Amino acid sequence: MGDTHFRTKEAVRDRCRAIRDRYLGQAQVAGEDDDQFLRDLLTLHPDYEFKKGHGITGFTVIRNDEHGTYGFAVMRVDGTAIDFSWNTCLKAPTQRQKVLGCLRRAVKDQVIAHRDAAFMAGPVTCAISGMPIASKHDSHVDHYKPTFVQIAEDFIASHGGPDAFRVSDDIPDGFSHAELADKELEAIWQEHHRAVATLRVVTKVANLSRRRDDSS
């Protein structure tokens, strides 16, 4: 990237993490070399023209409240800012991955409602380990037989496959996310998920330790 050669993609990721950690809590990525690295990295993004907008003034580290993680945002000349994923810069998501992301976001409210209802009802124990869960912030909601991916894949297949799903344009500012352009189809998916999904509350540790590609 630029005039710097990285032997592996992981070496690029390590550089990204180092910059992220260095500027956490600061208003802007200030180092000239760090700024140039992020500019070079962003050119690899499949939505580069959209991400840069009318021009880039710099970069900052922002928090994704949904996932509790930190990443980079592009600061534009018009005063807006939008996040970008360094992993997407290194490997653009497939259409299948985009659609799965849309479907997962579309049922986020159902998942949160299940978690909140469980904690309002009284003490909650992990459905996997049986250990008590102190608060909802220590929990994950797991799809149990069938998994989320199994439900989503069946739905995608029954509606023409990934290429039949149109993903809407990115939002113009802030943390971006993909949504289905066809809101009627999205509503059908939400009802399907509500009818067939079996949700259970588990600890973060128990859920992540399962190391499944088709998790929750």
Side-chain angles (χ1 to χ4, degrees), residues 9 13 16 38-39 41-56 59 62-69 71-115 140-199 212-216:
K9 290 182 180 179
R13 295 188 182 97
C16 291
L38 293 177
R39 289 175 187 268
L41 176 67
L42 186 62
T43 63
L44 304 178
H45 199 286
D47 295 323
Y48 171 68
E49 292 299 324
F50 171 78
K51 293 291 186 181
K52 75 180 182 68
H54 296 296
I56 300 170
F59 300 87
I62 56 176
R63 186 177 190 273
N64 185 330
D65 290 333
E66 179 180 350
H67 301 291
T69 57
F72 296 116
V74 185
M75 302 166 67
R76 296 153 157 171
V77 295
D78 63 1
T80 62
I82 190 166
D83 72 306
F84 73 98
S85 165
W86 62 66
N87 285 317
T88 300
C89 292
L90 298 177
K91 180 180 179 181
T94 65
Q95 176 65 8
R96 172 185 174 275
Q97 290 170 328
K98 290 180 181 179
V99 174
L100 285 173
C102 290
L103 297 183
R104 188 182 291 278
R105 171 166 285 276
V107 298
K108 176 186 173 184
D109 288 347
Q110 294 180 32
V111 171
I112 292 175
H114 179 87
R115 180 202 64 188
H140 277 182
V141 176
D142 176 53
H143 287 73
Y144 180 66
K145 293 183 180 180
T147 66
F148 171 81
V149 170
Q150 289 170 335
I151 298 171
E153 292 279 20
D154 287 346
F155 184 82
I156 293 170
S158 65
H159 287 79
D163 292 337
F165 288 72
R166 188 164 65 88
V167 177
S168 63
D169 293 334
D170 214 340
I171 60 175
D173 189 26
F175 259 105
S176 56
H177 59 266
E179 293 183 354
L180 294 182
D182 187 339
K183 293 306 175 184
E184 182 177 349
L185 180 60
E186 182 178 86
I188 294 172
W189 155 248
Q190 289 168 334
E191 288 305 313
H192 176 72
H193 178 269
R194 185 176 286 108
V196 303
T198 300
L199 303 177
R212 302 173 302 169
D213 291 334
D214 58 351
S215 62
S216 38

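Throughout, numbering of the chain's residues begins at 1 and tracks the sequence. Basis for what follows: all heavy atoms, side chains included, without hydrogens, waters or symmetry-related copies. Please read these numbers as outputs of a predicted model, since none were measured by experiment.
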Is the terminal nitrogen or CZ of Arg39 (NZ for Lys, CZ for Arg) located under 6.0 angstrom from the six-membered ring centre of Phe72 and within 45° of that ring's axis?
no

Check the pair Arg96, Glu153 against side-chain contact (heavy atoms from CB on, under 4.5 Å), reporting the backbone distance first and the verdict last.
CA-CA 9 Å; Arg96 172 185 174 275; Glu153 292 279 20; 2.6 Å; yes

What distance do [X] atom [atom1] and [Y] atom [atom2] have between them, rounded to the nearest 0.5 Å?
X	Y	atom1	atom2	result
Arg13	Cys89	CZ	SG	11.0 Å
Leu90	Ser85	CG	OG	8.0 Å
Ile156	Cys102	CD1	SG	9.5 Å
Lys91	Gln97	NZ	CD	6.0 Å
Ile188	Phe155	CD1	CZ	6.0 Å

Please test His143 against Val111 for side-chain contact (heavy atoms from CB on, under 4.5 Å), starting from the C-alpha separation and ending with a verdict.
CA-CA 9 Å; His143 287 73; Val111 171; 4.3 Å; yes

Hey, are the side chains of [X] and [Y] touching, using non-hydrogen atoms and a 4.5 Å cut-off?
X	Y	value
Thr88	Asp47	no
Phe148	Leu199	no
Ile56	Lys51	no

Please report the closest heavy-atom contact between [X] and [Y], naming both atoms and the distance.
X	Y	value
Thr43	Tyr48	CA-CD1, 3.5 Å
Leu42	Val74	CD2-CG2, 3.7 Å
Leu100	Ala152	CD2-CB, 3.5 Å

side-chain contact (heavy atoms from CB on, under 4.5 Å) assessment of Glu186 paired with Arg105:
CA-CA 10 Å; Glu186 182 178 86; Arg105 171 166 285 276; over 6 Å; no

Donor-acceptor check, side chain of [X] to backbone of [Y], threshold 3.5 angstrom: yes or no?
X	Y	result
Trp189	Leu103	yes
Gln95	Pro162	yes
Ser158	Asp154	yes
Gln190	Ala106	yes
Gln110	Val107	no
Arg104	Val149	no
Lys52	Arg76	no

Just do the side-chain hydrogen bond (donor to acceptor under 3.5 Å, both in side chains) check on Asp78 and Thr80 with the steps written out, would you?
CA-CA 6 Å; Asp78 63 1; Thr80 62; 2.7 Å; yes

Could you check Asn64 against Asp83 for side-chain contact (heavy atoms from CB on, under 4.5 Å), going step by step and ending with a plain yes or no?
CA-CA 9 Å; Asn64 185 330; Asp83 72 306; 5.7 Å; no

Give a yes or no on whether Arg166 atom CZ has more than 12 heavy-atom contacts from other residues, nucleotides or ligands under 6.0 Å away.
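Counting other residues, nucleotides and ligands, CZ of Arg166 stays at 12 neighbours or fewer.
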
Taking only residues two or more places apart in sequence or in another chain, which ones pass ring pair (Phe, Tyr, Trp, His ring centres under 6.0 Å) with His45?
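By the ring pair (Phe, Tyr, Trp, His ring centres under 6.0 Å) rule, His45 matches no residue at all.
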
Residue list, ring pair (Phe, Tyr, Trp, His ring centres under 6.0 Å) with His114, at least two apart or on another chain:
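Result, ring pair (Phe, Tyr, Trp, His ring centres under 6.0 Å) vs His114: none returned.
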
